[in-house]
Student: 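Structure in structure tokens, see below.
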2 protein chains.
Amino acid sequence: MAVYTEVPDGELNTFLAQYDLGNVVACKGIAEGVENSNYLLRTTLGTYILTLYEKRVAREDLPFFLGLMEHLAAKGLSCPTPIHARDGQTLHELCGRPAVIVSFLEGMWPRRPTERHCQQLGAALADLHLKGRDFTLSRANALSLAGWQKLVEATKDRADEVEPGLGKVIVDELAFLNAHWPKDLEIGVIHADLFPDNVFFLNDRLSGLIDFYFACTDFLAYDLAVCLNAWCFEPDHSFNITKARLMVQAYQSVRPVPSVETAALPLLCRGSALRFLLTRLYDWLNHPPGAFVKPKDPREYLRKLRFHQGAASAGAYGIG
Amino acid sequence: MAVYTEVPDGELNTFLAQYDLGNVVACKGIAEGVENSNYLLRTTLGTYILTLYEKRVAREDLPFFLGLMEHLAAKGLSCPTPIHARDGQTLHELCGRPAVIVSFLEGMWPRRPTERHCQQLGAALADLHLKGRDFTLSRANALSLAGWQKLVEATKDRADEVEPGLGKVIVDELAFLNAHWPKDLEIGVIHADLFPDNVFFLNDRLSGLIDFYFACTDFLAYDLAVCLNAWCFEPDHSFNITKARLMVQAYQSVRPVPSVETAALPLLCRGSALRFLLTRLYDWLNHPPGAFVKPKDPREYLRKLRFHQGAASAGAYGIG
């Protein structure tokens, strides 16, 4: 939840005058996205999302993010499409910040993901991977091994404040992943943050994917590992093997998964669990007292990491 | 800015099924209102605001607030109208909280109010007062003398943390107002919180009034005093007498103001300034460190109070 930048009506009218989108009818800050300010913008011609990029998003990454959304939408993936102004550009300035208008996506994210949701998500993820294959820009994953190293350094000394022994767990896990991280899996565009709040459903059918601001170029199967972590654990922390099987099978029906990727899943799941454990831990230890955003509990991902450490093979996920 | 209650999609569908409003298309928490959770709700039939009442709004007051909005809207005032479900009721439960769906109002609130805005506001305020005359419910103003007394008690010992001498200022001012508060002015329904963020404009024309959750039965002229405080001071804290004159003249053109009310304006402005000084002071001293809502600076209203203390008559506001 975040609206950081207040947009005066006058500035908004001037900004919108660069587009062929009619006049402002209403503009309300919405509680979506934690990195940016998002507004639901109604004009005389339609409904859109106005996004102002706050400091946490690097300006030099915006062409990748915006280009990717446009590429995927042009190929028929349901996701927000940046709208071009009359100058042909999608990126402009508003209130001193980079700003875009993107298309509005109908649907709601599932607060309690079901098997059916997981299944549809698997197919949509594979579809994203296939449609991203001929996207020409690339962006390194800032939150892979090198990024984790930095986060471990920044958090290990205070990690035990959150849970005794956590500091040693993250140091050991990073050493293990450094030694065993796969090298020869297919690389391509991944979403890298496809949690339930980034996936919309309408009448129980997947209606679109949003929030491409962690998208990058990395192992396709790592994206599947992120989703297994984000979608297949129950509120009581147990792993739901049925959801996992349905998700992966649906993924496979769109993009067949080579056995080398299947075999790497436990490792990729450990990496993905460490990634979210570390970013949550960092935010937990560093959020300012008056911050709008309530930090998420890092221990949820410590439990998940422990589950994956005990997974001998992809069989633990109901696969193969 | 506030979304306190997370509404799961399943609960929302069940809730909406009580209405003839079609099916949910999208529902986004919006950064509006600090007392309630507000969602912009799109259905297959239209756009609405869904409000869940959090603890700060007393459940027993809801029939007054909802009845008033319905009464005013029926008389042609542009304000949110509670939508009736098929059972004939407007108030239901969602996620364990009282909840209503109200009509959506187009427009944006003015971040930099102009003379033209102030003028239109004056006319709209008088229109509200006239249309409220035959509303049959009443509600005492919890934030008049008795309420201020409680807030002075709760804040006076720590007031000097905000500004040296502030504790004495509020105690003395309350004593003065207790001795001089008017008794014989016309009483009726007032909005009592008509700040710029509660007034929408579309293409520079006033398009509606929102947020009736401080509405109550009190002196009509007190509402004008609230608006003089909220609209007619500039960012540099100076009083803009032109805005005040335009606002009051426009008000008078709709509802003539008896001279007894005009004469009471300096006093009513002092009372209104003390009211917002006290609530802001209370929130400033008592907001929890991790609160979503950043408290507003009480000293803004200390400056306004001092201005009104120096006003000998309504002439200080460009009136009469």
Side-chain angles (χ1 to χ4, degrees), chain A residues 1-13 16 22-33 37-44 46-47 49 95 104-114 117 196-197 199-204 207-208 210 287-295, chain B residues 1-13 16 22-33 37-44 46-47 49 95 104-114 117 196-197 199-204 207-208 210 287-295:
Chain A
M1 159 160 151
V3 180
Y4 296 106
T5 300
E6 178 81 57
V7 180
D9 35 330
E11 271 87 333
L12 180 59
N13 288 328
L16 194 62
N23 300 315
V24 180
V25 169
C27 185
K28 298 194 185 294
I30 57 175
E32 237 159 66
S37 303
N38 287 300
Y39 300 83
L40 205 148
L41 172 67
R42 286 187 72 182
T43 75
T44 41
T47 300
I49 299 288
C95 298
F104 178 83
L105 222 60
E106 295 189 342
M108 287 183 74
W109 64 270
R111 271 62 175 180
R112 300 189 190 110
T114 63
H117 292 140
D197 57 344
V199 183
F200 288 176
F201 291 82
L202 200 56
N203 303 321
D204 243 25
S207 62
I210 66 162
H287 81 284
F292 284 141
V293 180
K294 195 175 171 181
Chain B
M1 161 159 149
V3 179
Y4 296 106
T5 300
E6 177 82 59
V7 180
D9 36 329
E11 271 87 331
L12 179 59
N13 288 327
L16 193 63
N23 300 313
V24 181
V25 169
C27 186
K28 297 194 187 293
I30 56 175
E32 238 160 66
S37 303
N38 287 301
Y39 301 84
L40 204 148
L41 173 66
R42 288 187 72 183
T43 76
T44 40
T47 300
I49 299 288
C95 298
F104 178 83
L105 221 60
E106 296 188 343
M108 286 183 74
W109 64 270
R111 269 64 176 178
R112 299 187 192 112
T114 63
H117 292 140
D197 57 344
V199 183
F200 288 176
F201 290 82
L202 198 56
N203 303 321
D204 243 24
S207 62
I210 65 163
H287 80 286
F292 285 141
V293 181
K294 196 176 171 178

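None of the values given here were measured: they were computed from a predicted structure. Lettering of chains follows the sequences in order, A, B, ..., and the numbering in each one begins at 1.
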Student: Given a strict heavy-atom distance threshold of 4.5 Å, which part of B:S207 is in contact with chain A: side chain, backbone, both, or neither?
Tutor: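 Neither part.
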Student: Side chain, backbone, both or neither: which part of B:V24 has an atom under 4.5 Å from a heavy atom of chain A?
Tutor: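 Both parts, backbone and side chain.
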Student: Applying salt bridge (Lys or Arg N to Asp or Glu O under 4.0 Å), name anything that partners B:E11, two or more places apart in sequence or on another chain.
Tutor: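 Once residues adjacent in sequence are excluded, the partners of B:E11 under the salt bridge (Lys or Arg N to Asp or Glu O under 4.0 Å) criterion are A:R112.
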Student: For B:F201, which atoms come within 4.5 Å of any heavy atom of chain A: side chain, backbone, both, or neither?
Tutor: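 Neither the backbone nor the side chain of B:F201 comes within 4.5 Å of chain A.
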Student: If we define contacts as heavy-atom pairs under 4.5 Å, which of B:L105, B:T47, B:N23 has the most with chain A?
Tutor: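 So the answer, after comparing B:L105, B:T47, B:N23, is B:T47.
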Student: Rounded at 0.5 Å granularity, tell me how far CG in A:L41 sits from NZ in A:K28.
Tutor: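 One finds 11.5 Å between CG of A:L41 and NZ of A:K28.
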Student: Is the closest side-chain heavy-atom distance between A:C27 and A:L12 below 4.5 Å?
Tutor: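 Yes; the side chains approach each other to less than 4.5 Å.
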Student: With distance as the sole test, does A:D9 use its side chain to make a donor-acceptor pair with the main-chain N or O of B:R111 at under 3.5 Å?
Tutor: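 Flag set: sc A:D9 to bb B:R111 pair under 3.5 Å.
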